[in-house]
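Here is the structure we will look at.
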2 protein chains.
Amino acid sequence: MPARLSEVAALAGVHPATASRALNEATRNKVSADTVLKVRRAAEQLNYSPNPAARSLVTNRTSTVGVIIGDLTVPLFPPLLRGVDDVTSAAGYTALIVNTDNDWSRELARIAALQARRVDGLIVATATSGDQADPRIWSSVAPTVFVVRAPADPLAPTVLSDDSMGVHLAVEHLVAQGHRRIAHVAGPPEISTATARLRAYREALFERGIEVDPALVTTMDSISADAGTEALGRLLDSGAGVTAVLAFNDIVAYGCYRAVRQRGLRCPEDISIVGYSDMNGADLVAPPLTTVHVDHQAMGAEAARMLLGMLSDPGARPPHSVRLPVSLTVRESTAPPRQGVPR
Amino acid sequence: MPARLSEVAALAGVHPATASRALNEATRNKVSADTVLKVRRAAEQLNYSPNPAARSLVTNRTSTVGVIIGDLTVPLFPPLLRGVDDVTSAAGYTALIVNTDNDWSRELARIAALQARRVDGLIVATATSGDQADPRIWSSVAPTVFVVRAPADPLAPTVLSDDSMGVHLAVEHLVAQGHRRIAHVAGPPEISTATARLRAYREALFERGIEVDPALVTTMDSISADAGTEALGRLLDSGAGVTAVLAFNDIVAYGCYRAVRQRGLRCPEDISIVGYSDMNGADLVAPPLTTVHVDHQAMGAEAARMLLGMLSDPGARPPHSVRLPVSLTVRESTAPPRQGVPR
DNA sequence: CCACGCTGTGCAAACGCTTGCGGCGGCGAC
DNA sequence: GTCGCCGCCGCAAGCGTTTGCACAGCGTGG
């Protein structure tokens, strides 16, 4: 049972109100220097820590932020949460993390729970669900910033990674190795990043004067290794003569590995494959995966900083969205195309 | 800005105290049935949800539990948290999740933060750090249950998985396929699960009348794919004639894959490999990994249930620890040993 | 020398809820 | 018919903070 403020005040020989002012950064200047010292010593001696319930009852703020994610087991989320946690906890905030299972009704329920907890702010990272939903659903609860996903309202504060840059890097790498027949295994068009990457893929090829052959892109209707296997399988069997593949993400890339193996081909000798995300373990598969590295921890940290900024002066207009740069991690799943491969 | 209880009471035409009793499960029987109805309707109409700060100020409980984990990016934690979250949120509790980076000083800091937040209970899942630490460090903060890790105090409430069972299943599987020279790539002895699995490995071989050859076990001093590659590499080069390997966990198994490939051998044709944990993605590697499946979500859920039980009647003696069963997921990294392999 | 401002502190209210206590009926038992 | 009990409800205290306001003391400028 921790000490109360009144006990600290008594030990320091001052009124509780004075002790409160002495301990609170913002009001410390209203108290004489040696009183501050006495109070801090007393607080330390009694191992005082303020009761957050009592405090938030009067301040009407909880120093908590809600973080809404789809599925924690998706490898991009843990580092993202680390980023969020690093900056929020440094600022004295606590992150309340909720899973939605990518289920919209469940998401609504968890939003209600966060509202009941009176969170001061919201970080929304549900990549798929409710993409058409009105952002007011979240912002009516508390100031919110979106991360990873692009909200329906383009003006809402958002932290994204630069999909276009990532795809350009990947394509550039493949082209530099001599590839011309570069396929793309794309995600379903409902997902904003899927369309962004597809667009960037076409752009990147076009800019390099390479024919953009519609036969080289295949669209999955869900994102999984199996879908990747199936999609690339079709492409391989179509005789389109692909020598390299840009997969929607790493998981899909693993599926592509399988499709290649199933046909007795080898990666990277016969087919080069590049993934996207650089998820945990991408260096452990065989061959280690060349992939676009996105720093999800930095994205989480940036989103948290943005949110805390909004909380610190609610009057200011919302910050502008940012798009963080990415890099290419070259491993062993890409190599120059074999001579004489069918065009 | 949500409604207050007094507003609900006014709308229902009763005193706030009555409204409180009508809304609170435990005190509902002190109120007439139709008053309850009126109050609930009013609450629903005003979209009332009680202010947790005000409530916990008087009840002296926060309906939050702290969950302490080492590193969220370790794949066993996300499902574990899902299990915890499922049962805590169903009971109206909120889980506060903190990362320690497996750093003891950081862990102490985060414990202090949780204490400052007045968590009602603690779930401790830091697998490695502070294994020698006095469990009172946690239980002085709040009732705590340990999960995944074995605390220094064997009487502390704990949820573990049955390492012995897992190893027995794995060894049984290999023996049934005809293996006799089964190696074990063991974890460092500081880690309680490492010694438990090593012991079980010896036991399992012994029970089946197979020679327990010390030359077949090699101990890593850290747990990583690289350490696994190196450890199994030594074993393979030693000429001990191994035909199968039980790795400490899946990550280490991936390292073993590499060691096998580096020597021009093939898995499973030349060497069978079995992992431990069945982490996310174990079905995606090549070959898909045969591994001991442990249901971390169930462990998290069980730990949470245990903790909530302790919270619901603080008087009762702490629950006894449990050890959850595991299963073997057979994939394609194991096969009968090749004829003529050196004994 | 007075009035005024300023600094440091105390006082008390307020935040929104729970809960012990007491009162007021109504009903059953004698 | 009276008494007692019990079910239902209102009253008010109190949880541990923060903060507007008042006030005391003191230095300063006119």
Side-chain angles (χ1 to χ4, degrees), chain A residues 1-40 42-43 46-64 92 94 115-120, chain B residues 1-43 46-64 92 94 115-120 311:
Chain A
M1 184 84 45
R4 287 165 308 204
L5 181 61
S6 63
E7 305 180 307
V8 173
L11 180 58
V14 299
H15 192 272
T18 307
S20 170
R21 282 186 275 254
L23 261 14
N24 265 20
E25 191 58 53
T27 50
R28 185 162 306 161
N29 52 4
K30 306 182 138 208
V31 171
S32 79
D34 63 334
T35 311
V36 170
L37 214 65
K38 278 190 307 186
V39 172
R40 296 180 75 165
L46 295 180
N47 201 359
Y48 170 76
S49 79
N51 185 319
R55 170 176 293 185
S56 67
L57 190 54
V58 35
T59 61
N60 208 24
R61 304 184 315 107
T62 55
S63 294
T64 58
T94 299
Q115 175 159 237
R117 282 276 175 204
R118 306 296 198 269
V119 291
D120 292 336
Chain B
M1 183 84 45
R4 287 163 307 203
L5 181 60
S6 63
E7 305 179 306
V8 173
L11 180 58
V14 298
H15 193 272
T18 307
S20 169
R21 281 186 276 254
L23 260 14
N24 266 21
E25 192 59 53
T27 51
R28 184 161 308 163
N29 52 4
K30 305 180 139 208
V31 170
S32 77
D34 63 334
T35 311
V36 169
L37 214 64
K38 278 190 308 186
V39 172
R40 297 179 75 165
R41 259 205 278 273
L46 296 180
N47 201 359
Y48 171 76
S49 79
N51 184 318
R55 171 177 292 183
S56 68
L57 189 54
V58 33
T59 61
N60 209 23
R61 304 181 317 108
T62 55
S63 294
T64 59
T94 299
Q115 175 158 238
R117 282 275 175 202
R118 307 295 198 269
V119 291
D120 292 335
L311 297 184

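Below, chain A is the first sequence line, B the second, and so on; all start at residue 1.
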Item to check | Donor-acceptor under 3.5 Å (S56(B) side chain, T62(B) main chain) | outcome: no
Checklist entry - Does N24(A) use its side chain to pair, donor to acceptor, with the backbone of T27(A) at less than 3.5 Å? => result no
Checklist entry - Can a donor-acceptor pair under 3.5 Å be found between the side-chain atoms of R21(A) and the base atoms of dG10(C)? => result yes
Checklist entry - So, does the side chain of R28(B) form a donor-acceptor pair with the base of dG7(D) at under 3.5 Å? => result no
Distance, rounded to the nearest Å, where [X] contributes [atom1] and [N] contributes [atom2]:
X: E25(A); N: dT18(D); atom1: CD; atom2: C1'; value: 16 Å
X: K30(A); N: dT9(C); atom1: NZ; atom2: C1'; value: 11 Å
X: L46(B); N: dG16(C); atom1: CG; atom2: P; value: 14 Å
X: L5(A); N: dG10(C); atom1: CG; atom2: P; value: 12 Å
X: H15(A); N: dC23(D); atom1: NE2; atom2: P; value: 15 Å
X: R61(B); N: dG16(D); atom1: CZ; atom2: P; value: 16 Å
X: R117(A); N: dC17(C); atom1: CZ; atom2: C1'; value: 15 Å
X: L23(B); N: dG16(C); atom1: CG; atom2: P; value: 16 Å

Contact class for [X] (heavy atom, under 4.0 Å): base, sugar-phosphate, or nothing?
X: T35(B); result: sugar-phosphate
X: N29(A); result: sugar-phosphate
X: N60(A); result: nothing

Checklist entry - Is R4(B) close to P16(B) at the side-chain level, that is, under 4.5 Å between some pair of heavy atoms? => result no
Next on the checklist: With a 4.0 Å cutoff (strictly under), does any side-chain N or O of S32(B) reach OP1 or OP2 of dC9(D)?
Outcome noted: yes
Kindly point out which of [options] is positioned nearest to the side chain of [X]?
X: S20(A); options: dT18(D), dT9(C), dT18(C); answer: dT18(D)
X: V31(B); options: dT18(D), dC9(D), dT19(C); answer: dC9(D)
X: N24(A); options: dT19(C), dT18(D), dG16(C); answer: dT18(D)
X: T59(A); options: dT18(D), dG16(D), dT19(C); answer: dT18(D)
X: R55(B); options: dT19(D), dT18(C), dG16(C); answer: dT18(C)
X: T18(B); options: dG16(D), dG8(C), dC9(D); answer: dC9(D)

Next on the checklist: Name the residue from L23(A), L11(A), V39(A) that meets the side chain to side chain contact (heavy atoms under 4.5 Å, CB included) definition with Y48(A).
Outcome noted: L23(A)
Next on the checklist: With salt bridge (Lys or Arg N to Asp or Glu O under 4.0 Å) as the rule and sequence neighbours excluded, what pairs involving residues 30-40 of chain B come up?
Outcome noted: none
Checklist entry - Minimum heavy-atom separation for R117(A) to P52(B), with atom names? => result CA-CG, 4.0 Å
Checklist outcome for this item: Residue pair S6(A)/V14(B) against DNA chain D: nearer the 5' end by closest nucleotide is V14(B)
